[in-house]
Novice: 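The structure's right below; bear with me while I get my questions together.
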Amino acid sequence: MVLKYDVIVIGGGHAGCEAATAAANMGAQTCLVTMDMNKIAQMSCNPAVGGIAKGQIVREIDALGGHMGLVTDATAIQFRMLNRGKGPAVWSPRAQCDREKFIWQWRKTIDDTERLDVWQDQADELLVENGEAVGVRTIWGVELRAKCVIITTGTFLNGLLHVGRKQVPGGRIAEPAVAHFTESITRHGIRSYRMKTGTPVRIDKRSVHFEDCEEQPGENDYHKFSYMGVPRPLQQLPCWTLNTNARVHEVLRSGLADSPLYNGQIQSIGPRYCPSIETKLVTFPDRDQHPLFLEPEGEDTNEMYLNGFSSSMPIDVQIEALRQIPALREAKIYRPGYAIEYDFFDPTQLSHTLESKIIKNLFFAGQVNGTTGYEEAGGQGTVAGINAALKAGAAASDTAKNPSFILKRDEAYIGVLIDDLVTKGVDEPYRMFTSRAEYRILLRQDNADERLTEKGFDIGLVKRNRYNWWVEKRENIQRLLHFCENTAVKPKEINSALETIGTTPLQFGCKIADLIARPQVTLENLSTFIPELREVIEASPNRKKEISEAAEIKIKYKGYIEREELVAEKMHRLENIRIKGHFNYNELHELSTECRQKLTKIDPETLAQASRIPGVSPSDINVLLVLSGR
């Protein structure tokens with residue numbers, strides 16, 4: 001049996017769902033191949049979306065016309081804006097979700113997407129002809145053929161689960177691993193390696209003594225993930241904080257000899273920024289406690305997730321250690337924490353479109369590129385789906401005008417993520433942080449639509465209603481900015497109000513924007529004293545807080561924004577100097593040996609990309625500038 005499509009997506013996780021819906025919505029006849037239709041977009045670890053920098057990625061997916069933000073808003077059971085105590089450049093939305101409802105909301109989204117079929121099966125072999133991917137063969141012998149293939153297989157490729165000394169093949173607990181598929185890819189010259197990740201124990205909330213925990217409520221203001229999302233419809237639930245203690249650590253240390261991480265059983269690399277509890281004990285031996293977060297898995301379940309207690313220790317050690325915590329002294333668990341090893345592919349063998357440099361028309365997205373996190377996966381899936389649709393020639397947009405879709409580092413965190421992967425590679429599971437971005441003030445969570453919605457509309461992924469929504473918002477922001485920048489106030493009109501707000505009175509008249517630039521002054525508190533300002537804000541009653549926040553950030557941080565834009569513009573000059581195919585680096589003895597080796601391996605597209613490769617020095621870049629005639 002042979003089925004033919006424009007784009008085939010292998011794997012129904014977060015990368016696969018975004019890739020498949022993006023390709024289909026751009027006009028490509030698409031097939032999503034998944035082992036279990038009832039676990040599409042499964043939240044394998046924490047049922048939460050967003051967090052530091054990750055929340056910005058979700059807003060970028062939404063701004064491009066993707067679905068993770070909409071699905072999250074529809075299934076959130078707690079929302080918080082992290083980093084409020086810092087500047088808006090690092091504000092990051094995060095939501096706890098109902099795990100089961102999240103799956104079914106995604107399932108409905110996929111069911112409602114035109115040109116998108118789902119095939120429940122397991123990919124067994126990548127089909128390659130004349131150096132090009134042409135489809136896959138499944139374990140049932142079905143051939144799915146397409147112009148482009150996207151691999152988004154998560155942790156399933158040769159997955160191996162660990163609990164203590166016990167090892168069981170699997171892609172997730174109680175789900176089979178995928179054998180053979182990796183080998184059908186690597187035989188063509190693509191390099192694969194092994195990584196490790198893990199997940200914590202799941203606890204029955206009926207056995208928890210919540211009186212010994214500290215409640216952590218959510219927020220219920222206007223913020224949400226999608227710019228077009230509905231107010232959160234589900235019951236909002238608290239999370240709870242607690243801590244380990246010396247007795248917990250003593251129990252865990254007694255079991256280290258049977259820990260797969262320390263008895264030689266696991267050799268692959270684990271996540272630095274989400275370490276297991278046993279790794280924390282070894283890395284921080286002087287700490288007598290570590291924070292834990294007890295989080296609900298849904299509004300209709302007793303299952304709770306113990307964030308901060310990822311472990312692959314033996315089951316009895318995990319349970320005994322938990323019961324040394326006062327709130328968990330009678331804890332009952334649904335399943336233990338476990339570690340999983342799996343195959344990933346060297347992302348430096350990809351271009352910025354996420355297409356393989358080795359096999360044409362083959363794209364990779366998600367954990368198979370060495371990343372960790374639903375958000376990083378979703379961002380990659382969106383870009384891979386867009387580029388596969390463009391490459392297949394099936395997109396509704398002008399593919400001659402848009403032969404590929406690449407986001408720069410000053411345009412999106414997704415651009416930073418992909419550039420880091422293809423330029424630097426990974427030596428541990430990659431996780432996005434705001435500190436990885438040079439242009440944090442430009443890449444805020446509040447302006448993702450300003451940065452990306454027009455781009456999404458140009459390629460046909462953002463639909464007309466979504467685009468009109470952004471245009472209306474942009475006009476309202478500009479109207480508010482124009483009023484503030486061109487409306488003056490006099491001391492006698494405003495000084496009493498300024499004293500009430502707690503800021504210095506004026507000696508001379510000034511523009512409203514000059515007042516907003518003060519840290520104590522906001523559009524909201526100033527509008528109570530200036531009726532004309534209040535009228536401009538109220539002109540968009542349904543979105544006034546969102547628009548006021550965007551305008552206020554532009555005013556308060558105007559100088560920083562303009563300075564960062566200048567820095568980004570300078571870097572664009574290097575981005576415009578293309579060097580791919582221009583040099584045989586091994587013959588350039590003016591370059592350092594390490595530089596020649598790294599440039600040969602990565603084969604960067606531009607001089608700017610070359611400058612970001614570890615081991616390439618500024619003096620090496622100067623040599624390349626001279627040799628380029630610059």
Side-chain angles (χ1 to χ4, degrees), residues 1-42 44 66-67 71 102-129 132-157 159 170-172 174-185 359 361-368 377-378 380-382 384-389 391-392 394-395:
M1 180 177 177
V2 178
L3 301 174
K4 294 184 178 181
Y5 291 91
D6 294 317
V7 176
I8 295 171
V9 180
I10 310 300
H14 303 273
C17 288
E18 294 291 357
T21 51
N25 283 324
M26 287 179 64
Q29 293 294 331
T30 305
C31 183
L32 175 63
V33 182
T34 179
M35 294 166 63
D36 189 343
M37 292 170 59
N38 297 319
K39 291 184 178 176
I40 280 174
Q42 169 71 285
S44 307
H67 295 281
V71 172
F102 189 92
I103 291 172
W104 286 101
Q105 188 68 29
W106 251 118
R107 175 73 182 271
K108 182 180 186 304
T109 299
I110 288 170
D111 287 344
D112 291 344
T113 300
E114 295 182 12
R115 295 178 293 276
L116 177 54
D117 294 344
V118 178
W119 183 261
Q120 182 168 299
D121 203 341
Q122 180 179 316
D124 192 54
E125 181 181 1
L126 177 69
L127 302 178
V128 179
E129 296 174 0
E132 298 184 4
V134 296
V136 294
R137 184 178 293 111
T138 74
I139 58 172
W140 294 107
V142 175
E143 281 195 13
L144 295 151
R145 294 206 159 230
K147 299 172 184 175
C148 291
V149 177
I150 307 175
I151 308 296
T152 68
T153 44
T155 60
F156 279 77
L157 299 184
R172 283 189 293 252
E175 296 182 55
V178 174
H180 313 305
F181 195 58
T182 296
E183 291 70 24
S184 76
I185 296 170
I359 303 174
N361 304 330
L362 178 65
F363 295 78
F364 292 85
Q367 280 188 273
V368 291
Q380 293 173 71
T382 302
I386 290 170
N387 281 303
K391 189 79 183 288

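The first residue in the sequence is number 1, and the count goes up from there. Computed from heavy atoms alone, side chains included, the values below leave out hydrogens, waters and symmetry copies.
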Novice: Nearest heavy-atom pair of Ala179 and Asp124: which atoms, and what distance?
Specialist: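 Closest approach of Ala179 to Asp124, heavy atoms only: O-OD1, 4.0 Å.
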Novice: Going through the distances and angles, do Ile110 and Thr21 end up as a side-chain contact (heavy atoms from CB on, under 4.5 Å)?
Specialist: CA-CA 7 Å; Ile110 288 170; Thr21 51; 4.2 Å; yes
Novice: To the nearest 0.5 Å, what is the distance between CG on Leu362 and CD on Glu132?
Specialist: 11.0 Å
Novice: To the nearest 0.5 angstrom, please state how far the CD atom of Gln380 sits from the CZ atom of Phe363.
Specialist: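 That separation rounds to 13.5 Å.
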Novice: Spell out, as yes or no, whether a donor-acceptor pair under 3.5 Å connects the side chain of Gln122 to the backbone of Met35.
Specialist: no
Novice: Determine whether a donor-acceptor pair (N or O, by modelled atom type, separation under 3.5 Å) exists between the side chain of Thr152 and the backbone of Ala365.
Specialist: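 Side chain of Thr152 to backbone of Ala365, a donor-acceptor pair under 3.5 Å: no, none is there.
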Novice: Would the distance check show the side chain of Thr138 and the main-chain N or O of Val142 forming a donor-acceptor pair, the cut-off being under 3.5 Å?
Specialist: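 Yes; judged by distance alone, with no hydrogens or angles, the pair exists.
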Novice: What do the steps show when you test Met1 against Trp140 for side-chain contact (heavy atoms from CB on, under 4.5 Å), and what is the final call?
Specialist: CA-CA 10 Å; Met1 180 177 177; Trp140 294 107; over 6 Å; no
Novice: On the 0 to 90° scale, with breaks at 30° and 60°, tag the Trp106-His67 ring pair as parallel, tilted or perpendicular.
Specialist: perpendicular
Novice: Would you say the side-chain atoms of Arg145 pair up with the backbone N or O of Gly135, donor to acceptor, closer than 3.5 Å?
Specialist: no
Novice: Do side-chain atoms of Thr153 reach the backbone of Gly11 as a donor and acceptor pair under 3.5 angstrom?
Specialist: no
Novice: Has the side chain of Gln120 got a donor or acceptor atom that lies under 3.5 Å from a matching backbone atom of Met37?
Specialist: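 Side chain of Gln120 to backbone of Met37: a pair is present.
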Novice: Between Leu126 and Phe181, is the side-chain contact (heavy atoms from CB on, under 4.5 Å) condition met? List the steps.
Specialist: CA-CA 7 Å; Leu126 177 69; Phe181 195 58; 4.2 Å; yes
Novice: Looking only at atom types and distance, does a side-chain atom of Asn361 sit under 3.5 Å from a main-chain N or O of Cys148, one as donor and one as acceptor?
Specialist: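 No; judged by distance alone, with no hydrogens or angles, the pair does not exist.
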Novice: With no hydrogens and no angle check, is any side-chain donor or acceptor of Gln42 less than 3.5 Å from a backbone partner on Ile103?
Specialist: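 Looks like no, no N/O pair under 3.5 Å.
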Novice: Determine whether Trp119 and Ile8 satisfy the following criterion, side-chain contact (heavy atoms from CB on, under 4.5 Å), listing intermediate values before the conclusion.
Specialist: CA-CA 10 Å; Trp119 183 261; Ile8 295 171; over 6 Å; no
Novice: Quick one: CD1 on Ile185 to CG on Leu157, what's the gap to the nearest 0.5 Å?
Specialist: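 Nearest 0.5 Å value for the CD1-CG distance: 6.5 Å.
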